[in-house]
Amino acid sequence: MSPYRALLKTKAYLGGKWVEAASGDHFPVVDPARQATVAEVANCGAVDAERAVEAGQAAFQTWSRTTAEHRAMVLQQWHDRLLEHQDSLAALITLEMGKPLAEARGEVAYAASFLRWFAEEARRVYGEIIPASSNDKRLFVLKQPVGVTAAITPWNFPVAMIARKVAPALAAGCSMIVKPAEDTPLSALAMAHLFEGLDAPAGVFNVVPTQDPKEVGKVLTTHSAIRKISFTGSTATGKKLMKQASDSVKRVSLELGGNAPFIVFADADMKAAAEGAMVSKYRNGGQTCVCTNRIFLESGSEQAFLDEFLPLVKQLKVGPGMEEGNQVGPLINEDACKKVETLVGDAVRQGAEVVHGGGRHELGGTYFQPSVLRNANPSMRISQEEIFGPVSVLSTFKSEGEVIQLANDTPYGLAAYFYSRDTARVWRVAEQLEYGMVGVNTGLVSTAQAPFGGVKESGIGREGSHHGIDEYLEIKYVCLGGLEP
Ligand code: ADP
């Protein structure tokens with residue numbers, strides 16, 4: 001039996017029950033490694049989304065009144081279950097989105113770390129007592145859950161992106177409705193399966209799979225009972241959702257696209273820089289929002305970097321994620337593959353040189369060769385748009401000022417990376433990069449205890465860290481008057 005069978009759920013999870021869509025419709029989930037349909041999942045619509053909101057409202061009444069201690073216990077137990085089923089859940093992730101099993105296992109551990117972190121943070125939601133200006137008053141600040149919340153999540157981390165949102169929501173006392181990406185509903189439903197039976201009211205966590213994100217998204221962004229929407233995905237969709245949510249003045253958290261610069265100064269440790277670039281570029285086949293998009297090398301150090309970097313790229317094993325040892329799986333779908341192909345073609349026409357790879361992989365399907373291009377310039381589409389594929393794009397710079405300007409010359413501001421051994425430069429550059437996250441001498445920055453998020457058109461709000469729970473809390477000021485002076 002396949003390791004993931006026990007976690008395979010195909011109905012929607014609404015109000016604590018597994019139900020078919022009101023329409024009775026289904027949609028296929030495709031394994032990108034084989035281009036084969038692996039399941040048919042309930043295709044929910046507006047009616048189902050409304051049912052989920054009602055379930056969320058009912059659950060909120062009791063969940064918001066439970067003790068933080070209790071919510072912490074539920075999250076901790078969910079965490080434990082994720083880890084107990086780490087291998088099966090990882091296999092399911094790989095099945096529906098293609099990443100190598102080792103990375104999928106890492107994703108489950110990363111997702112679980114948010115459940116644990118927010119189980120701990122649930123107990124640290126402190127209010128305030130403010131000194132009053134007269135003796136007959138006392139001023140208090142309470143922090144209370146915002147209410148019913150919704151999450152719209154992407155396919156590239158189909159478990160972790162849900163955990164990162166639902167953990168702080170539940171910790172704060174909110175209920176949540178999740179609309180997973182149409183490519184990856186199975187991981188979300190497996191999360192619900194692992195939640196089932198924990199001591200929480202039915203409807204605290206709901207999953208509404210759909211092939212029509214617009215219809216369900218409309219309900220989630222406009223329903224008056226939903227007080228907050230958290231989204232991870234493209235900037236274009238994020239802008240639409242923000243507009244839709246504005247009519248009912250919902251709180252929004254947006255984690256959107258990036259265009260991460262990776263700067264290597266001549267004084268850097270080139271081996272470490274090459275290793276950092278590998279992690280930050282080729283993880284998940286280049287399909288993460290914090291993946292390096294543009295590699296800037298200080299003049300004179302290009303060859304030294306390539307000498308360390310190229311052998312590592314050439315060693316990458318491409319193949320089905322389910323086969324242990326493969327490091328780069330297929331891209332999520334044909335559209336994604338075409339987009340990478342188009343960006344590379346455009347760059348080459350404008351003078352970029354292919355150092356390695358440069359096209360589809362001989363395995364066919366949506367496999368793309370790990371590639372390296374050099375002589376890129378800022379006017380190329382590949383320098384301006386998120387590549388979301390295993391392609392490194394190199395160019396050179398002459399001075400610190402020039403590269404900071406190049407790095408910041410984008411509407412995005414999610415993650416940036418640079419390598420240098422000069423402490424004064426480290427501070428100067430870190431402070432001047434207009435990004436929400438900066439990795440210095442590392443290509444990997446995400447961790448549950450640090451604030452993840454972007455500036456400019458890369459988003460609003462932070463996930464993870466002690467700031468993450470604030471996104472799900474309202475501040476209420478209570479002024480108690482009439483006291484004896
Ligand atoms: P990507 O390019 O990574 O697929 P998207 O922003 O299109 O990014 O998708 C991220 C999430 O947003 C997915 O869950 C997708 O279904 C959802 N989505 C896309 N368009 C809409 C929309 N108009 N309304 C609501 N959700 C949407």
Side-chain angles (χ1 to χ4, degrees), residues 93 97-99 103-104 106-107 110-111 114 151-165 180-181 183-184 187 213 230-242 252-262 276-295 328-329 331-333 335-336 339-340 343 382-393 407-408 410-417 433-439 442-448 450-465 468 471:
I93 293 173
M97 67 72 61
K99 72 174 61 171
E103 286 191 29
E107 177 179 343
Y110 178 62
F114 285 95
I152 296 182
T153 54
W155 50 263
N156 60 346
F157 289 90
V159 168
M161 292 305 99
I162 293 174
R164 205 153 81 170
K165 297 180 191 306
D183 289 304
T184 56
S187 303
S230 177
F231 170 75
T232 297
S234 63
T235 295
T237 303
K239 287 179 182 176
K240 268 188 222 151
L241 298 181
M242 194 175 174
V252 290
S253 295
L254 303 171
E255 204 266 272
L256 309 176
N259 182 1
F262 188 103
M278 290 301 294
V279 174
S280 145
K281 176 74 251 184
Y282 295 101
R283 197 162 56 100
N284 208 8
Q287 304 172 109
T288 88
C289 50
V290 291
C291 271
T292 286
N293 219 54
R294 300 169 288 160
I295 299 180
V328 179
L331 295 182
I332 184 71
N333 53 36
D335 282 352
K339 182 186 169 194
V340 179
L343 292 181
I382 208 162
S383 305
Q384 294 171 1
E385 298 177 30
E386 213 172 14
I387 304 169
F388 246 61
V391 182
S392 293
V393 178
N408 290 340
T410 165
Y412 297 109
L414 193 57
Y417 309 88
L433 286 170
E434 296 169 355
Y435 286 82
M437 296 172 282
V438 178
T442 175
L444 196 60
V445 294
S446 357
T447 174
F452 191 105
V455 299
K456 294 159 76 177
E457 292 186 23
S458 285
I460 296 177
R462 293 295 179 269
E463 295 189 311
S465 80
E471 305 277 327

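- Between F157 and N284 there is a side-chain heavy-atom pair separated by less than 4.5 Å.
- Ring planes of Y417 and F262: tilted class, angle from 30 to 60°.
- Considering all non-hydrogen atoms of both residues, A111 and V159 come closest at CB-CG1, 3.5 Å.
- In this structure, the side chains of L343 and V391 stay at 4.5 Å or more apart for every pair of heavy atoms.
- Note that the CD1 atom of I387 and the CG atom of N259 stand 8.0 Å from one another [nearest 0.5 Å].
- T410 is not listed as a side-chain neighbour of Q384, based on a closest heavy-atom distance of 4.5 Å or more.
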Assess the residue pair F114 and E463 against the criterion (side chain to side chain contact (heavy atoms under 4.5 Å, CB included)); give the C-alpha distance rounded to whole Å, side-chain angles, the decisive distance to 0.1 Å, and a yes or no.
CA-CA 9 Å; F114 285 95; E463 295 189 311; 5.6 Å; no
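- When side chains are defined from C-beta on, L414 counts as touching V290, because their heavy atoms get closer than 4.5 Å.
- The backbone N or O of S383 sits nowhere less than 3.5 Å from a side-chain atom of N293 that would complete a donor-acceptor pair.
- Nearest heavy-atom pair, G285 versus L331, reported as atom, atom and distance to 0.1 Å: O-CD2, 3.8 Å.
- Side-chain atoms of T235 and E457 form no donor-acceptor pair, as typed in the model, at a separation below 3.5 Å.
- For the residue pair K165 and S230, a side-chain donor N or O sits within less than 3.5 Å of a side-chain acceptor on the partner.
- Of the possible donor and acceptor atoms, none in the side chain of T153 sits under 3.5 Å from a partner among the backbone N and O of I162.
- Atom OG of residue S392 and atom OH of residue Y282 lie 3.0 Å apart, to the nearest 0.5 angstrom.
- Residues M242 and K239 fail the side-chain proximity criterion, which asks for heavy atoms closer than 4.5 Å.
- Using a 4.5 Å heavy-atom threshold, the side chains of S458 and Y435 count as separate.
- We find the OG1-CG distance between T288 and N156 to be 7.0 Å, quoted to the nearest 0.5 Å.
- Atoms CZ and CE, on R283 and M278 in that order, are 13.0 Å from each other to the nearest 0.5 Å.
- A distance of 3.5 Å separates CD in E107 from NZ in K99, rounded to the nearest 0.5 Å.
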Give the intermediate values and the outcome of side chain to side chain contact (heavy atoms under 4.5 Å, CB included) for residues M97 and D183.
CA-CA 7 Å; M97 67 72 61; D183 289 304; over 6 Å; no
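- We find the CG-OG1 distance between L256 and T237 to be 9.0 Å, quoted to the nearest 0.5 Å.
- Of all non-hydrogen atoms in C289 and E255, the two that sit nearest each other are SG-OE2, 3.4 Å.
- The two residues S465 and P451 have their closest heavy-atom pair at CB-N, 3.4 Å.
- The shortest heavy-atom contact between V340 and F388 is CG2-O, 3.9 Å.
- Contact between A415 and P261 at its shortest, heavy atoms only, is O-CD, 3.6 Å.
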